[in-house]
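Naming convention: chains lettered A, B, ... in sequence-line order (proteins, then strands); numbering from 1 in each chain.
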Amino acid sequence: MKKLGMLIILAVVALGFLFPLYAGPYPLHVMTTVLTYMALGLSWDMMLRTGQLSFGTAGFFGLGSYAALLTTLYLGLNPLASIFVGGVFAAIVAFALGYAILRLREIYFAITTLALAGVFTVVARNLHDFTGGPEGKILPSAIFNGDPTKVYWLTFSVALGSILVSELFQRTRIRFAITAIRNDEITAKSSGIDIFKYLLFVFVITSAIQGVVGGAYAQQYGFVSPESAFSTNFLLLPIAMCLAGGIYSTLGPVIGSVILGVLSEYLKLRFPYGHLIIYGVIIVAIVLFMPHGILGMLKKIAQKTRTEVGGNENEK
Amino acid sequence: MAETKTHGRHQFTLPLLAIVALILIFIFKPYAVIYGVQRGSLYALIAMPLALTLGIVGILNLAHGDFLTLGAYIAYWIFNSTGLDPLLSIFAVAPLLFVVGAGLYKITVSKVLRAPLLNQLLLTFGIAMILEEVINLIWTSRPRNVYVNYASASASIGGFRFGTYEFSYLLAAVGVLVLLRLFLKHTRLGKAAFAVGQNPKGAKIVGINVEMIYLLIFSISVGIVGIAAGLTLPRMSIFPLFGSPFTLKSFCLAAMAGLGNLTGILWSGLALGIGEALVQSIEGYSGWSDIVFFGVLIAVITIRSYRGSYV
Amino acid sequence: MLEIRNLNVYYGKLHVIWDLSMTVGDEGVGLFGPNGAGKTTLINTILGLVTPKGGQIFFEGRRIDGLDTHKIVREGIAVVPQERELFPFMSVKENLELGAAFVPHAQSRMNELFNFVYEIFPVLKRRESQLAGTMSGGEQRMLTIGRALMANPRLLILDEPSVGLQPSIVAELFHKLKLIRQNGVSILLTEQNVRQGLKAIDRGYILENGRIALEGTSEELAANEHVKKSYLGL
Amino acid sequence: MKNEPPILTVEKLIKRFGGLVAVDNLSFTVQQGEVLGVIGPNGAGKTTLTNVVSGLYRPSEGRIFFQGKDVTELDAHQRCRLGISRTFQLMRPIREFTILENVMVSALFGKGLDLKSAQNRAREVCEFVGLKRLKIPIESATVLELKKMEIARALASGPQLVFLDEVMAGLNVDETNEMIETVKKINASGVTVIVIEHVMNVIKELTHRVIVLDRGRIIAEGSYEEVSHQPEVISAYLGEEE
Amino acid sequence: MKKFLAITLVLALVVLGVAAKVKPIKLGAVLPLGDITGRQAANAMKLAVKEINAAGGVLGRPLELIIVDDEMNPSKGAAAIDKLATIDKVDFFIGGMSSGVHLAQIPILKKYQKITVWIGAASHLCEKALAGADWYFHLHPWDYQQGAGYAIGWKQILEKYPQVKFDRVFLAYEEGAFGTASYKAYLAMLEQAKQGEGPYVGLVKEFKGESFKSAAFGGGDYRAVLRLAKEWNPDAFIWAGYDADALPMMAQAKEIGFAPPIFIGAPPGWPADFGKSPLSEGVVLYGMWAPSLNKVSPVAEHFYNAYVKEFGEEPATYFAPLGYTNVYFLVEGIKKAGTLEKEALIKALEQVEYESPLGETLKIAPSAVIKHQGFTTQKILQWQNGKQEVIWPFEVQTAEFIYPFPKWEGR
C-alpha cells in the first residue's frame with residue numbers, strides 16, 4: 001500500500017516535470033500561474049498550522065519581487081541568484097518583524113500582517129528613485145529570455161520545494177510542536193515546547209518561500225510595480241485555494257490550487273462576461289457543502305466506503 | 001461586545017493627551033482637523049456595523065463594504081427612476097438592505113456559524129465577489145454620480161471656509177453609536193444580543209432565541225450600512241469596487257478599538273482620519289498618508305498586546 | 001412532570017444512551033453514575049442541545065423533544081450547567097435579570113423572584129453590581145443557580161453542582177437545594193458526590209453505560225450494596 | 001529525607017492581578033520524594049500558585065528555586081525541561097491528536113527525545129497510568145481517560161516534581177481509588193508530587209504533609225490529621241457540618 | 001441529364017467556393033471585459049468585424065474575432081496571448097488596455113512575433129520593452145506624446161484666444177502609476193523646456209504638482225491638494241486621476257471656492273453622469289474622441305450610430321472608436337497588401353491612411369523608440385451644456401472655448 005502511494009507520487013511529480021513536453025504553451029502558462037499560487041498557498045497553510053492566520057502573504061511576495069528585481073537591475077546579479085536573494089530578504093524582514101508581532105494572536109496578528117503588507121506597499125510606492133515609485137521598474141529582459149519551458153521548470157521547482165518543506169513540517173517533530181501550539185498554547189508550553197522559537201522559525205521559513213515565489217514571479221515578467229507585486233490576488237486567491245482544497249495539509253493546497261486555478265481559467269473562456277460571478281458562487285458552494293474542502297470530502301467518502309466494505313472502525 | 005474597562009489613571013490621561021494634541025494640530029493645521037473629523041466619522045460609521053456583527057454574531061464579514069456599494073447603487077437607482085433625494089432614499093435603502101442581509105443570513109451565513117473563522121472568511125469573500133461582479137454586469141464599471149446642490153455647500157467662520165455636508169457623517173456616526181448603545185444596554189432585545197455576544201450557549205439556556213438574535217443583528221448591521229450608502233452617494237462616485245476598501249478600513253478600526261468596543265471605534269476613526277488628513281496636508285509627502293493608517297494600527301495593536309498579555 | 005420514553009442518543013456512530021425511560025414528578029431526582037455514563041448527554045438532550053435518534057420527551061404532558069432550546073426553557077425547565085455559562089461582562093443583577101427576561105411566566109414576577117433568589121443567596125445581593133466574570137468559582141456557581149431560579153422553573157436541572165467547590169460550600173449548596181425543593185420546584189441533579197447528593201433528593205437513578213442500572217428512593221439506593229461499594233466508598 | 005536539600009523552595013512569593021492579590025507572600029519548601037497536599041477554599045490561590053511555579057505566570061515578587069537553581073525568570077517550557085510538570089484542573093488535551101500523540105508531545109519536547117523513542121516512552125507512561133485505548137481521538141475519550149492522559153503527559157517529560165491539580169474532581173469512588181493507586185505508584189518511582197484537591201479522602205490517603213491556603217496565604221501546615229482539626233481550617237474550608 | 005450535370009457542377013463549385021472562403025482570418029483580442037473600456041472596445045471590434053464581413057470580408061475571406069478577458073491581471077493577460085496563439089491559432093493580436101498587463105504580455109508577444117496592433121498601454125515602460133519589435137503597431141499615444149500634444153494644443157489656443165493665460169500650471173495627480181507617470185512626464189518636459197527644447201518652450205513658466213489618493217483606490221478626499229492649489233493660484237489646474245474622481249473633485253473645489261481660470265481634468269474616462277451636473281460646465285478635458293465629433297466627421301457619425309444601434313448604449317469611452325479603428329486599420333493593411341504575408345503586410349500597414357471615427361486620419365510613423373506608432377496627440381475638449389465639445393485641433397473644433405472657467409456661484 002505504501003509502495004503504491006510512493007509510486008503514484010513519483011508518477012505525478014514526473015508528469016508535472018515533463019508537462020512542457022506534452023502540453024502546449026497555453027496550458028503551460030496556466031500551470032505556471034497555478035504553481036505560483038500553489039507555493040503561496042502552501043506557505044500560508046504552513047503558517048496557519050501554528051494557529052497564526054497571516055495576511056502578509058502578498059507583502060512578503062512583494063518584498064521578494066522587489067529584492068530580486070532590484071538586485072538584478074542595480075547589481076547585475078544573475079536572475080536565478082536574485083530569486084534566492086528575494087527569499088533571503090523576505091526571511092530577514094520576517095525575522096526582524098517576528099520579534100515584535102509574533103506575540104500577537106488571532107485577528108490581531110492577521111490585521112497586523114495585513115497592515116505590514118500595506119506599509120511595504122506605501123514604502124515601495126514612495127521611494128521613487130530606488131523602486132521606480134508607482135510605475136515600478138522593468139528589466140531589459142525576462143528570465144531565460146521568457147522561455148516558457150524554463151520558466152515553468154523554475155516555478156515547478158519552487159512549488160516542489162514548498163511541497164517538500166511542507167511535508168518536512170508534517171513528518172517531523174515540527175508537526176507535533178506546531179499542532180500543539182495551534183490547539184492549546186498553554187498545554188504546549190507546559191509540555192516543554194518553546195512556542196516563540198517555533199513561531200519565529202515557521203514565520204521566517206514561510207516568508208522566505210513567499211519571497212522566493214515573488215522573486216520568481218518578478219523575474220518571469222522582468223517587471224515589478226507596487227500594484228502588481230503587492231496585489232491582493234496573491235493574498236486572497238491562495239487562501240481561497242487552500243480552503244477549497246483543505247487546510248492543515250500538503251495535499252489540500254495542492255489540489256485546491258490546481259482545481260480552482262484551472263476552473264477559473266475555464267470559466268473565463270466559457271463565460272466571457274460575468275464568469276467571476278460563477279466563480280464566486282462556486283466558492284460559496286464549497287464553503288456551504290464542503291466545509292473541510294475537497295480533501296476533507298474525499299476523506300469522508302473514503303471512510304464511508306471503507307466502513308461499508310466492513311473495515312474495523314473501532315481501531316483508530 | 002464588552003466595553004473594555006481600563007481602570008486607574010489611564011482613563012483620564014489618554015483622552016487628555018489626545019485633546020491637547022488635537023488643539024495643537026488645530027492651531028497649526030485647522031483644516032486637517034476638520035477634514036479628518038469628517039472622514040474619520042465616515043470610517044467609524046461604516047466600521048460600527050462590522051464590529052457589531054463581529055462581536056455578536058462572530059462573523060467577520062468580508063462583503064461588508066460591498067453592501068455599501070449595493071446600497072449606494074440602490075439609492076442611485078431610486079434617484080434615477082423617481083428623483084428621490086439620496087438622503088431621503090435612506091429610508092428605503094436601509095430597510096431594503098436589512099432584508100438583503102436577512103436573506104443572505106438565512107441562505108448562507110447561518111450555515112457557517114459554527115464553522116472555523118476561515119470558512120466564514122471564504123464565504124463572505126465569495127459573497128463579496130458575487131456582489132461586485134453582479135453590480136459590474138448590471139451597471140458596468142463606469143462610475144455613477146448623483147448631483148445635489150447641498151453636497152458641496154460650505155460655511156465660513158472667521159476666514160475659515162469649509163464644507164458642511166460631510167459633518168452629516170459625524171452626526172450619523174454619533175447617532176448610530178448612541179442608538180446602538182441604548183439598544184444594547186436598555187432594551188430587552190439588545191440585552192439579549194449583548195448576552196449572545198458573550199456566551200451563546202448561556203443565552204440559549206436562559207430562553208433567548210439565539211438564531212433570531214443572530215439574524216436580527218446581521219440584518220441590522222447590513223441595514224446600518226444602508227445609512228452610510230445614502231449619505232455618501234451625493235458626495236462620492238460609485239462603482240462596483242467603491243465599497244470594498246471600506247471593508248479593510250472597518251476591519252482595522254474594529255481591531256484597533258478592541259473587539260466589541262463601539263465607542264472606541266468612533267475615537268479610532270477620528271484619530272485615523274485626522275492623522276491621514278494631517279499627512280495629506282504636508283506638501284510633497286501626501287503619498288505617505290496611508291502609512292499613518294497602517295502605522296497607528298500596528299502601534300495600537302502591539303502596545304495593547306504588551307499591556308494586555310497576562311504573563 | 002418530566003417523562004422520557006425509550007430515548008436513544010448517538011454521537012456520530014457512537015450509541016450513548018440506550019432506550020432510556022425515566023420520570024421526574026414533583027420531587028427531587030438524582031442521576032448518578034461513573035464518568036462517560038451519559039448523564040450530561042441526557043441533560044443536553046432534555047434541553048434540546050442534542051437531538052435524539054429515537055424516543056420521546058414530555059414535559060407536563062407536552063412533547064418537547066425536537067423543540068429549540070429556548071422554547072424548552074420557556075416551557076419551565078431551567079438548567080445549571082457544569083460549565084457555568086454566565087455572561088461575564090454583565091453584572092450579577094443583569095445576569096439574574098436575563099434569567100427571567102425571556103421566560104413568559106417569569107417576566108411578570110421579576111421582583112418576587114429577585115427577592116426569592118436574594119433570600120437563598122444573600123451574597124448575590126451584596127455583589128449585585130459586580131461583573132460576573134470577576135467572581136470566584138463558588139460564587140459563580142451560586143449565580144448560575146440563582147439565574148436558573150429566576151426563570152421561575154417548575155423543573156430545575158443541575159449538572160454536577162459540587163465539582164470543584166470547597167467542602168463548606170458544597171454543604172451549604174445542598175442545604176439551599178433543599179430550600180428550593182421546599183418551594184415546590186422539582187429538581188433533577190447529577191452528582192459524583194453521591195453521599196451529599198442523596199441528601200438532597202427523594203429518588204434516584206444509577207446510570208451506567210447509557211442505561212439505567214438501578215432506580216429507587218434515596219433510602220433504597222443508600223442501602224444498595226452496589227451503590228455502597230461503587231458510589232459511597234463503604 | 002528530612003536532611004536532604006529541598007527540591008522546591010518558594011520564597012516570599014507574591015502574585016497580583018491588577019488590584020487582586022492572588023498569592024500573598026507565600027514561602028514554603030517541598031522535600032525530595034514527598035507528597036504534599038495543597039487545600040483551601042475556592043479562590044484561595046491554589047491554581048495560581050501552580051501556574052506561578054510551573055512558569056505560566058511570572059510572580060510579581062519573590063523567588064522560586066528548583067533543585068537549588070533559581071528558576072524565577074525561566075519560561076514554562078524551560079521549567080518543564082528542568083523537571084517541573086503539571087496537570088490542568090480543566091483538562092487541556094490537544095484535540096487534534098490521539099491520546100498517544102498527546103503524551104508524545106511532552107516526551108518529544110519536555111524530555112527531548114526523537115520521534116521513535118518518544119513514542120516508546122509515551123506507550124510506557126500510558127501503560128503506567130493504566131491507559132488502554134491509545135489511538136482513539138480525544139472526542140471519544142471519557143473524562144477518566146482524559147484525566148489519566150493529563151497525568152501521563154505530565155510524566156512523559158520525565159519530571160522530578162509533578163503538580164496534580166484536582167485530578168480526582170468529578171470521579172466516583174471506584175475511579176478515585178484507582179487514581180490514588182496511580183499517584184502512589186508515581187511517588188514510589190521517585191517523583192515528588194504536589195496534590196491539589198477538594199476531595200478530603202484523597203488528601204488523607206495520599207499526602208505526607210498538607211498546606212492550607214486561604215486568600216493567598218498559608219493558614220495551616222502539617223499532617224492531614226493536624227490541619228483538619230484546626231478551627232481556622234474548619235471555618236474557612238471544611239464547614240461546620242461533618 | 002445534361003441539365004442535371006450542369007446543376008451538379010455549379011452546385012459543387014459553389015460548395016467548394018464556400019468551403020474555400022470559409023477559412024476565416026482570425027483576430028485574437030485581449031481586453032479587460034470587466035471594465036467599461038474593455039467591454040466597449042470589444043463591442044466596437046465586434047461591430048467592425050460584422051460590418052466588414054457583411055461587405056464580403058477581406059481577400060474574400062471572412063474575419064473571425066476571438067476575445068479573451070485579461071481580468072486586468074498580468075499573468076492572465078499573458079496566458080491569453082498563449083491561448084490565442086496556440087489553441088485558436090490566430091493570425092493577429094489586437095486589443096490592449098492596462099500597461100501593467102501589457103508588460104507581462106510583451107515577452108509572450110515577442111515569442112510569437114505575429115503582427116500586433118495595440119490600442120492601450122500608454123506607458124513608456126512598455127515602449128522601452130518593445131524596442132526593435134517591427135511587427136508591433138501601437139495606436140494610442142505614449143504618455144510623453146500626450147504631454148507634448150497638449151503643449152501644441154495650448155500654444156495654438158493661446159494664439160487664437162489671446163486673453164487666455166497658461167503660465168502657472170498646477171498638477172494634482174493620483175498617487176498610482178497613472179498619475180505619477182503624468183507628473184514625471186511634465187517634469188521631464190518642463191526640464192527640457194528650460195534647456196530651450198521641446199514643445200513646452202515658452203508655454204508654462206511655473207509648475208507645481210502634488211499627489212492625491214484616487215477614489216478608485218479608496219481615496220477621494222482632494223481638499224488638501226485643492227487647497228494647496230488654491231493658495232498657489234494657478235492659471236490652469238490639471239488633475240490626472242480616474243473617472244471616479246471627476247465629480248467629487250468638482251464638488252470639493254466648489255466647496256472650498258477654488259475656481260481657476262482653466263480647470264482641466266485628465267482621466268482616462270468620464271463617469272456616466274458627469275455631464276448632468278452643473279459643476280461640469282467649462283471643465284476642459286483631454287481625450288481622443290467625443291460624440292460631438294459627429295458634427296464634423298462622417299466616419300465618427302457612422303460609427304456612433306452603428307454602435308448605438310447594435311448595442312443599445314452610447315459609446316462612453318474613446319476606447320470604443322479605438323477598438324473599431326483597431327480592426328479597420330488592420331483590414332485596410334491586409335487589403336493594401338493583398339496577402340497575410342508578414343513582411344508585405346508590415347510594409348502595407350506602414351502605408352495605410354485610415355480615416356478614423358476619432359476625427360483624424362490614422363498614419364503610422366516612428367515614435368521615440370518604436371517604429372510603428374499611430375496617433376500621437378489627444379484632443380483638447382471642454383464640457384459645455386453637459387456635452388464634450390472639441391476645442392482643439394481647430395480642424396475638428398465643434399464649439400468655442402469658454403474662458404475663464406465659470407464662477408461657482410449660482411450653480
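Chain B forms more heavy-atom pairs under 4.5 Å with one residue of E/Lys213, E/Glu210, E/Met250, E/Arg227 than with any other, namely E/Arg227. In terms of heavy-atom pairs under 4.5 Å with chain B, the best-connected choice from E/Thr180, E/Thr37, E/Asp221, E/Val225 is E/Asp221. Interface summary for chain B: among E/Ala253, E/Gly220, E/Gly219, the most heavy-atom pairs under 4.5 angstrom belong to E/Gly220. Interface summary for chain E: among B/Ser244, B/Ser281, B/Gly284, B/Ala155, the most heavy-atom pairs under 4.5 angstrom belong to B/Gly284. Counting heavy-atom pairs closer than 4.5 Å to chain B, the top-ranked of the candidates E/Ala224, E/Pro271, E/Ser277 is E/Pro271. Note on E/Pro278, E/Gly269, E/Ala246: by heavy-atom pairs under 4.5 Å with chain B, the leading option is E/Pro278. Chosen from B/Val148, B/Leu241, B/Asn149, B/Leu248, the residue pairing most often with chain E at heavy-atom distances under 4.5 Å is B/Asn149.
Among residues 235-244 of chain E, the residues having any heavy atom closer than 4.5 Å to a heavy atom of chain B are, in sequence order, E/Asp243, E/Ala244.
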Working for ring pair (Phe, Tyr, Trp, His ring centres under 6.0 Å), residues B/Trp139 and B/Trp77 = CA-CA 10 Å; B/Trp139 279 290; B/Trp77 177 73; 8.1 Å; no

Run the side-chain hydrogen bond (donor to acceptor under 3.5 Å, both in side chains) check on B/Ser286 and E/Ser211 step by step: do they pass?
-> CA-CA 6 Å; B/Ser286 57; E/Ser211 70; 3.0 Å; yes

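Taking 4.0 Å as the cut-off between side-chain N and carboxylate O, B/Arg39 and B/Glu166 count as a salt-bridged pair. E/Lys208 and B/Glu283 are joined by a salt bridge, as a carboxylate oxygen and a charged side-chain nitrogen come within less than 4.0 angstrom of each other. Using a cut-off of 4.0 Å between Lys/Arg side-chain N and Asp/Glu carboxylate O, B/Arg144 and E/Asp273 are scored as not salt-bridged.
Ring centroid separation for the pair E/Phe212 and E/Tyr173 does not come in under the 6.0 Å cut-off.
Contacts between B/Glu133 and chain E at a heavy-atom distance below 4.5 Å are absent for every atom of the residue. Contacts between B/Ile238 and chain E at a heavy-atom distance below 4.5 Å are absent for every atom of the residue. For E/Lys254, the parts sitting under 4.5 Å from any heavy atom of chain B are the backbone and the side chain alike. The contact between E/Arg223 and chain B is made by backbone and side chain atoms together, counting heavy-atom distances below 4.5 Å. Heavy atoms closer than 4.5 Å to chain B are found in the side chain of E/Glu175, but not in its backbone. Proximity to chain E (any heavy atom under 4.5 Å) is restricted, for B/Phe239, to the side chain, taken from C-beta onward. In this structure, chain E has a heavy atom under 4.5 Å from the side chain of B/Gln38, while its backbone stays farther away. Heavy atoms of B/Pro245 lying under 4.5 Å from chain E belong exclusively to its side chain. Proximity to chain B (any heavy atom under 4.5 Å) is restricted, for E/Leu228, to the side chain, taken from C-beta onward.
A cation-pi geometry, defined here as NZ or CZ lying under 6.0 Å from the six-membered ring centre and within 45° of its normal, holds between B/Lys249 and B/Phe293. Taking the ring centre of B/Tyr165 as origin, the terminal cationic atom of B/Arg235 falls outside the region bounded by 6.0 Å and 45° from the ring axis.
Atom-to-atom distance recorded for B/Ile90:CD1 and B/Ile74:CD1 is 13.0 Å, nearest 0.5 angstrom.
With 3.5 Å as the limit, one finds no donor-acceptor pair spanning the side chains of E/Glu174 and E/Tyr183. Using a 3.5 Å distance cut-off with no hydrogens or angles, the side chains of E/Asp245 and E/Tyr222 do pair a donor with an acceptor.
Note on ring orientation: taking the six-membered ring where Trp is involved, the planes of E/Trp270 and E/Phe274 are tilted (angle from 30° to 60°). Using a 30° and 60° split on the angle between ring planes, E/Phe303 and E/Tyr307 fall in the tilted class, from 30° to 60°.
Side-chain contact check for B/Ile157 versus B/Phe162: some heavy-atom pair is nearer than 4.5 Å.
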